[in-house]
Amino acid sequence: MKQRLTAWAVAAICLLAPVVAMAQKDIHWRSSSVQGPRTPATNTRLGVAIFGNAEPATYERKVSPVGPPVAGKLPIRAETVFRFADGSTLTMHSTETINLTPQGTHGRDEWTGDGQIVGGTGRYQGANGNFTFRALMGLDRQADGLLGDGFLTGQGQYTLQNPQ
């Protein structure tokens, strides 16, 4: 009887372990960025972020147009890689539409969007999920309390497909 009970307990643990490992985790952050290197095909923004658990990270956001401007709007694709103090990274992708000024540049603007959490390294190895965000651009970098000319808040959920 005791062996049968032990076998059931082991089977239950083995069956439930993947469910526990695949549990969704919430994530939210605030970030600020400045203009980084620019090429004709890619605009890079460099920044810092603070996640909900007060954990800081640096990040690089590479933005590329996915089509020509239409009626003052430019469709873009963004890839953001957050780097944490322990060496872990978290990668997110989004497709967005930004408003252009009459001169065809990106001016002060606010927009919202969503994207996918597509991977990472270290403790974010196998991360997969979704997020939403609100972004402000064209802020006065000289204003007290601002670190850059762009500000973003985001929140989402992810799972770890290959937890360590």
Side-chain angles (χ1 to χ4, degrees), residues 13-66 74-99 105-164:
I13 290 170
C14 290
L15 290 173
L16 291 177
V19 172
V20 171
M22 297 285 289
Q24 278 198 337
K25 298 180 182 188
D26 291 329
I27 190 168
H28 54 282
W29 68 98
R30 298 166 56 88
S31 62
S32 184
S33 65
V34 295
Q35 182 63 55
R38 217 184 255 233
T39 69
T42 305
N43 179 25
T44 302
R45 295 197 59 86
L46 304 171
V48 294
I50 300 292
F51 283 77
N53 57 357
E55 181 179 20
T58 61
Y59 73 93
E60 180 178 72
R61 179 173 159 90
K62 293 187 179 231
V63 178
S64 302
V66 294
L74 179 66
I76 61 170
R77 180 181 186 281
E79 177 183 81
T80 305
V81 178
F82 293 95
R83 288 178 179 78
F84 298 88
D86 69 356
S88 297
T89 64
L90 182 63
T91 303
M92 300 181 183
H93 290 171
S94 60
T95 302
E96 308 165 18
T97 301
I98 59 173
N99 295 313
T105 62
H106 186 257
R108 183 168 172 79
D109 195 12
E110 177 176 348
W111 71 97
T112 59
D114 54 48
Q116 297 77 43
I117 298 170
V118 297
T121 63
R123 66 191 148 108
Y124 290 108
Q125 180 74 36
N128 187 329
N130 296 295
F131 67 93
T132 60
F133 69 90
R134 178 178 152 260
L136 297 164
M137 294 296 296
L139 303 175
D140 178 2
R141 289 187 294 183
Q142 304 304 315
D144 288 343
L146 290 182
L147 296 174
D149 62 353
F151 177 77
L152 186 142
T153 59
Q155 59 280 322
Q157 296 83 37
Y158 69 96
T159 58
L160 296 176
Q161 302 299 320
N162 303 312
Q164 294 186 350

Do Glu60 and Pro37 make a side-chain contact, defined as non-hydrogen atoms from C-beta onward lying under 4.5 Å apart?
no
Got a donor-acceptor contact below 3.5 angstrom from the Thr121 side chain to the Thr89 backbone?
yes
Which pairs would a plain distance check flag for residues 48-58, meaning a side-chain donor or acceptor within less than 3.5 Å of a matching protein atom at least two apart in sequence or in another chain?
{"residue": "Asn53", "atom": "OD1", "partner": "Glu55", "partner atom": "N", "Å": "3.1"}
{"residue": "Glu55", "atom": "OE1", "partner": "Arg123", "partner atom": "NH1", "Å": "3.3"}
{"residue": "Glu55", "atom": "OE1", "partner": "Arg123", "partner atom": "NH2", "Å": "3.3"}
{"residue": "Glu55", "atom": "OE2", "partner": "Arg123", "partner atom": "NH2", "Å": "2.4"}

Between OG1 of Thr132 and NE2 of His28, what distance do you get to the nearest 0.5 Å?
12.0 Å
Show the atom names and distances, to 0.1 Å, of all donor-acceptor pairs under 3.5 Å that link a side chain in residues 75-83 to residues at least two apart or in another chain.
{"residue": "Arg77", "atom": "NH2", "partner": "His93", "partner atom": "ND1", "Å": "3.0"}
{"residue": "Glu79", "atom": "OE2", "partner": "His93", "partner atom": "NE2", "Å": "3.0"}

Considering all heavy atoms, the nearest Ser88-Gly122 contact
OG-CA, 3.6 Å
Rounded to the nearest 0.5 Å, the CE atom of Met137 sits from the CG atom of Asn99 at a distance of 12.5 Å
Which residues pass the side-chain contact (heavy atoms from CB on, under 4.5 Å) test with Gln35, not counting sequence neighbours?
Arg38, Asn43, Arg45
With distance as the sole criterion, is a donor-acceptor pair present between the side chains of Gln155 and Thr153 under 3.5 Å?
no
Mind listing the closest non-hydrogen atom pair of Tyr158 and Ile117 along with its distance?
CB-CD1, 3.9 Å
May I have all residue pairs that pass salt bridge (charged side-chain N to carboxylate O under 4.0 Å, His left out) and include part of residues 109-122, sequence neighbours excluded?
Glu110-Arg134
What one should report as the nearest heavy-atom pair of Ser64 and Thr42 is OG-OG1, 3.5 Å
Which heavy atom in Pro65 sits nearest to a heavy atom in Leu74, and how many Å separate them?
CB-CD1, 4.1 Å
With Asn130 via side-chain contact (heavy atoms from CB on, under 4.5 Å) - residues at least two apart
Gln116
Should Leu90 and Ile27 count as side-chain neighbours, where that means a heavy-atom distance under 4.5 Å?
yes
Using the test side chain to side chain donor-acceptor pair (under 3.5 Å), find all partners of Ser32 that sit at least two apart in sequence or belong to another chain.
none
Between Trp29 and Leu152, is there a side-chain heavy-atom distance shorter than 4.5 Å?
yes
